[in-house]
Each structure stands twice: as C-alpha cells, then as structure tokens.
Amino acid sequence: MFGKIFLRGGKPIREKAIIDILFEDNIKKNSIPEIFDKKIQKKILERIKKTNFLSKEEEILELEGDNFENIVLIGGGKRDYFNLTKWQNLLTKAWERLKSKKVKNCSIFYKEELGKDYFEIGKKLAISFYLSNYHFDQYLGEEKRKELEKIEVVSFYVEDKKAKEKIQKGLDWGQLVSSGVCFARDLVNQPASHLHPETLVEEVFKIEKESKGKITVEVLDKDECQRLGMGAFLGVAQGSDREPKFIVLKYTNRQKKTNDEKVCFIGKSITFDSGGLSLKPSEMMEWMKVDMSGGATVLGVFKILSQMSNSEKLVYNEIYGILPACENMPSGKAMRPGDIVKAMNGKTIEVLNTDAEGRLTLADAMVYAERILKVNTIIDLATLTGACMVALGTKIAGLFGNDDRLVEKIKEISQKEGELVWELPLHKPYKKLLQSDIADIKNIGGGRYGGAITAALFLSDFVEKAKWVHLDIAGPAFNHEADDIMIKRGGTGFGVLTLIEFLEQKR
Ligand code: BES
Ligand code: MN
Ligand code: ZN
C-alpha cells in the first residue's frame with residue numbers, strides 16, 4: 001500500500017495543504033479554527049462571507065494561506081449529526097481535491113467534534129487514506145503509472161498524549177484492514193487470463209506461510225471432491241480445461257475462548273462466468289472476472305488474520321474460509337441445460353440454466369461446512385444474481401438469513417463500516433418456483449421475478465442446522481462508474497471490513 005500517516009503534536013506551521021472541517025452551527029458564530037493565525041483567520045472569514053459558505057455537509061471551500069499553499073475547508077453539516085463515518089467520507093472528498101491539484105502531502109488535526117473514540121478515529125482515518133490511494137496498476141506502463149495521483153504523507157496533529165497512543169493503535173489496525181481490502185481488490189481486478197483456480201491456491205498458500213502456523217490450508221482436487229459427492233460443484237467445473245479447486249482455510253485462535261462456536265465464511269469463486277452453455281450475451285460477459293469476488297473477500301479477511309498480532313480481540317476459536325473455485329465454460333464436456341447433478345447432501349438438482357452456477361458451487365460448500373467442518377455459523381458472499389442489482393442497485397448488497405440475531409448483527413456492523421446491505425425476505429412460498437418434476441429441486445425459479453430471493457431460497461435448502469447469512473454482492477463487488485468515495489473503478493473488496501469487524505464483536 002502506498003503512503004504514510006504520521007501523528008504529530010503542536011500545530012502545523014508550514015504545510016503544503018491543510019484540511020479542516022467546519023460546522024453549520026459554528027459558522028454562524030464565525031469561529032475559525034485556532035490553528036490559523038489572525039491574518040489567515042480574517043482571510044477565511046472574508047471568503048466565507050463572499051462565497052456564502054454555510055458548512056453544509058460536503059460543501060467545500062478552498063483558498064490559499066500565506067504559509068499554507070492550500071487550505072481545504074469542508075462542511076461537516078450540523079454538529080449533532082456528525083459522526084466518524086461522515087468524517088471518513090469527508091476526508092476522502094478532501095484527498096480527491098488535493099490529488100486533482102497534485103498536492104502530495106497535507107495536514108489535518110484533531111478537533112472536539114470527532115469525539116473520544118480514539119481508536120476508531122485512527123482506524124477511520126487510515127481506511128479513508130489507504131483505500132483512496134488504491135490503484136490497480138500492475139499492467140500499466142511506467143508513463144501511465146506515474147500519472148496516477150496519490151497522496152504521500154498525511155500529518156495528523158493531536159495534542160493529548162493518551163489520545164495519541166490510542167489513535168496510533170487505530171491507525172495501525174486501519175492500515176492492516178485496508179491491506180486486506182486492497183488485496184481483495186487486486187484479486188478481483190486480476191483478469192481471468194491471469195487468475196485461475198490454481199492462482200487462488202497459490203495465494204492461499206502464501207497466506208498460510210505468512211500466518212506462521214495460525215492458518216492451515218487444505219485444497220481438495222477434482223478426485224477428492226468426487227469422492228465426497230460434490231456433484232453440483234463439479235458439474236459447474238466440468239466444461240473448463242482448468243481443474244476445479246475446493247479451497248479450505250482454517251484459522252486457529254491461540255488465545256483459547258470459552259465458547260465452541262465455529263464460523264465459516266464461504267465466497268463464491270467462479271474465476272470466470274461465461275454462463276456455460278446458457279451463454280451470456282457479450283455485454284454481460286465483459287466483466288465476469290468479477291465472479292470470484294466473494295472468494296476474494298474471504299481471502300482479504302484471512303490475509304488480515306494472517307498478519308494480526310492481537311488475536312485476543314477475536315471471539316472465535318476456529319474461523320474457516322471456503323472457496324469452491326472453478327471456471328464456468330461451455331465446451332463439449334460442459335454441463336447441458338436439463339442435466340441432473342447430485343449435491344454432497346444427496347439432493348438431486350435439475351440444472352435448467354447453466355448460468356445459475358454460483359448456487360450450485362455454494363450448495364456443496366455449505367454442506368461441507370456443516371457436515372465436515374462442523375461449523376455452527378455460516379456467512380456466504382456471492383455475486384449471485386443480476387436480479388439483486390435490479391432490486392437494490394449497484395451500491396447495496398442483498399442480505400438474507402435464517403437467524404434474527406445474526407442478521408441484525410451483520411446489518412449493524414455493515415452500516416457502521418459503510419458497506420451497505422438491505423435485508424430481503426426468504427419468502428418460503430416462493431420455494432415452489434424451484435420445484436422440479438424429475439429431481440429434488442431445480443436451479444432456477446422459472447419466471448423473471450424475485451430472482452435474488454429464489455436464489456437465496458435455493459441456497460437455504462443446503463443449510464441444515466447452522467445460523468446462516470447470505471450476502472448477494474453482485475452490485476457492490478465491482479464499481480463500473482467513476483471513482484467513488486474511497487472506491488476506485490473496478491473491484492471494491494466489499495465485505496472485508498464487515499467480516500473482520502464481525503469476528504471481533506461479542507455475539
Ligand atoms: N455471476 C452471475 C450474476 C451476476 C450478474 C454477477 C451481474 C455480477 C453482475 C450469476 O452466475 C448469474 O449468471 N446469474 C443469473 C441467474 C439466472 C440465470 C437465474 C442472472 O442473474 O442472470
Ligand atoms: Mn452465471
Ligand atoms: Zn456467476
């Protein structure tokens with residue numbers, strides 16, 4: 001990751017740029033931050049009057065001070081509604097301003113309105129900074145790479161010694177977490193020409209090595225999957241020349257906890273989804289390297305776990321990750337519409353559309369998680385349905401679950417982390433849409449409606465006793481539009497922040 005954040009004391013004297021936040025209630029009293037000397041304060045006041053700057057949320061005022069080349073004042077809105085999530089977004093706006101002027105370093109400073117949750121302050125600052133600085137530049141030539149705008153140094157001025165210590169801890173944690181998000185982004189952005197199931201296996205072994213014994217990895221090849229009866233997963237894989245890999249990671253907490261809850265994160269890991277014989281139209285296929293985003297997110301989390309020194313923060317003894325990785329391709333060996341496959345739990349599935357492949361791979365993964373790993377909590381992330389994007393757009397993931405407490409927990413955490421989710425119903429009566437005449441279930445719901453729900457209902461058929469949440473991340477896993485707050489075009493690493501936070505919270 002690029003750039004560095006320094007904690008400093010005192011006041012900035014001479015800096016390239018200063019970022020500060022003003023509030024609506026403040027502006028009326030005309031109280032301008034004390035860090036600026038009288039002369040600059042006067043100048044700022046004049047400008048505020050002249051431009052009618054009201055400090056409304058996200059309003060920006062830029063000027064030059066004598067010893068500061070750039071002063072960026074951002075509206076924080078009303079003080080009472082201000083929080084650290086907003087602060088994070090405002091900072092991101094400010095970084096973008098500075099980058100557009102090719103400013104490479106800047107200063108910000110602690111102010112009362114940020115509150116006293118110092119750890120969170122450090123964490124939010126680091127995440128905003130590092131995620132904004134992210135670029136997938138691996139395939140760019142020297143020239144183009146140089147043009148990328150990045151901020152090199154941020155100085156954060158804080159007086160209080162105790163606060164500083166805690167903020168530093170938050171900064172370190174935020175940096176580590178960001179590295180997990182960027183790792184996931186890199187994997188998603190990697191094209192299918194360069195990322196195959198075997199590539200994921202290589203990455204997983206690197207993580208195992210870095211973890212110094214905390215993480216162990218098991219990779220099941222085609223024959224082993226066959227022996228276990230994973231007919232659904234193998235059916236999807238069979239059209240491709242690339243071998244499927246069923247990847248299982250296990251994190252063991254060295255600080256023994258007194259509960260025996262085991263959690264498993266399952267990430268959809270289709271390294272390319274052509275649709276199979278139910279081939280996708282080309283404009284949909286264009287970006288189907290995205291279809292391993294769920295798996296990338298799970299690896300992002302394990303990347304963080306591998307580097308984490310303070311495992312006492314984690315509430316689980318055992319954390320598992322599963323990536324049922326394969327490629328969905330048409331060929332003479334490919335699964336045909338109408339074929340029947342048998343999942344690991346013995347259920348037969350009539351595959352009417354080979355493009356509804358994610359649910360097939362996840363079905364076997366969920367059965368494996370419960371029957372072999374004996375986990376009691378499952379969270380799966382999958383770029384599962386275009387229908388979910390129709391329902392919620394590209395920024396919000398669909399959430400389904402069978403346990404109210406788990407559902408509420410994930411909703412609460414994702415909101416705080418800025419990874420938006422919205423609960424959709426696991427409406428049982430729709431299950432009849434999945435009835436097959438000749439098998440136990442079919443893999444599509446028939447009509448055009450409620451596709452995200454029927455997909456989730458399909459998955460629910462493969463959950464036995466576990467508490468389970470399913471996140472359909474087809475929308476937010478990839479950003480097609482212009483660079484957004486902290487999110488560049490391309491893979492987003494959606495879910496890493498929420499999952500890692502989930503592992504730290506009391507249930
Ligand atoms: N990977 C796609 C879903 C997807 C669509 C992800 C757009 C990201 C962006 C999934 O495998 C798929 O093809 N789903 C089908 C299901 C249908 C055949 C029932 C879909 O959504 O069209
Ligand atoms: Mn598909
Ligand atoms: Zn897919």
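Both counts, for ligands and for their atoms, begin at 1 and track the order of listing.
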[X], portion touching ligand 1 at heavy-atom distance under 4.0 Å:
X: Lys268; value: side chain
X: Ile270; value: neither
X: Phe478; value: neither

Practice task
Indicate the atoms forming the closest heavy-atom contact of Tyr316 with Glu261, along with that distance.
Solution key: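 Taking Tyr316 first and Glu261 second, the nearest heavy atoms are CD2-O, 3.4 Å.
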Practice task
Of all the heavy-atom pairs spanning Glu149 and Lys99, show the shortest one and how long it is.
Solution key: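 Result for this residue pair: O-CD, 3.4 Å.
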With nothing but distance in play, are any N or O atoms of [X] less than 3.5 Å from an N or O of ligand 1?
X: Asp291; value: yes
X: Asn353; value: no
X: Val290; value: no
X: Glu357; value: yes

Modelled atom types, side-chain donor and acceptor of [X] and [Y], under 3.5 Å:
X: Thr498; Y: Glu417; result: no
X: Ser128; Y: Gln88; result: no
X: Thr354; Y: Ser278; result: yes

Problem - atom 14 (N) of ligand 1: any protein heavy atom closer than 4.0 Å - result: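 When distances to the protein are checked, atom 14 (N) of ligand 1 has a heavy atom within 4.0 Å.
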Exercise for the section: Step by step, work out the salt bridge (Lys or Arg N to Asp or Glu O under 4.0 Å) result for Lys333 and Asp241. Expected result: CA-CA 9 Å; Lys333 296 179 296 176; Asp241 289 339; 3.6 Å; yes
Cation-pi check for [Y] against [X]: NZ or CZ below 6.0 Å from the six-membered ring centre and within 45 degrees of the axis, yes or no?
X: Lys303; Y: Phe183; result: yes
X: Lys214; Y: Tyr251; result: no
X: Lys262; Y: Tyr320; result: no
X: Lys313; Y: Trp173; result: yes

Handout entry: Atoms named by residue and atom, protein N, O or S, within reach of the Mn ion (ligand 2) (under 2.8 Å)
Key =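 Those protein N, O or S atoms (cut-off: under 2.8 Å from the Mn ion (ligand 2)) are Asp273 OD2, Asp355 O, Asp355 OD1, Glu357 OE1.
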Practice task
Just need the protein heavy atom nearest to atom 21 (O) of ligand 1, so name the residue and atom and give the distance.
Solution key: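 Of every protein heavy atom, Gly386 N, 2.7 Å lies nearest to atom 21 (O) of ligand 1.
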Exercise for the section: Carefully, step by step, assess Glu481 and Arg489 under the rule salt bridge (Lys or Arg N to Asp or Glu O under 4.0 Å). Expected result: CA-CA 6 Å; Glu481 294 141 36; Arg489 272 169 74 92; over 6 Å; no
Problem - Candidate list Val177, Leu497, Ile319, Ile500, test side-chain contact (heavy atoms from CB on, under 4.5 Å), partner Val301, passing option - result: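 Result: among Val177, Leu497, Ile319, Ile500, Ile500 is the only option passing the side-chain contact (heavy atoms from CB on, under 4.5 Å) with Val301.
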Handout entry: Heteroatoms of the protein, restricted to N/O/S, which lie under 2.8 Å from the Zn ion (ligand 3)
Key =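 Short answer, with waters excluded from the count: Lys268 NZ, Asp273 OD2, Asp291 OD2, Glu357 OE2.
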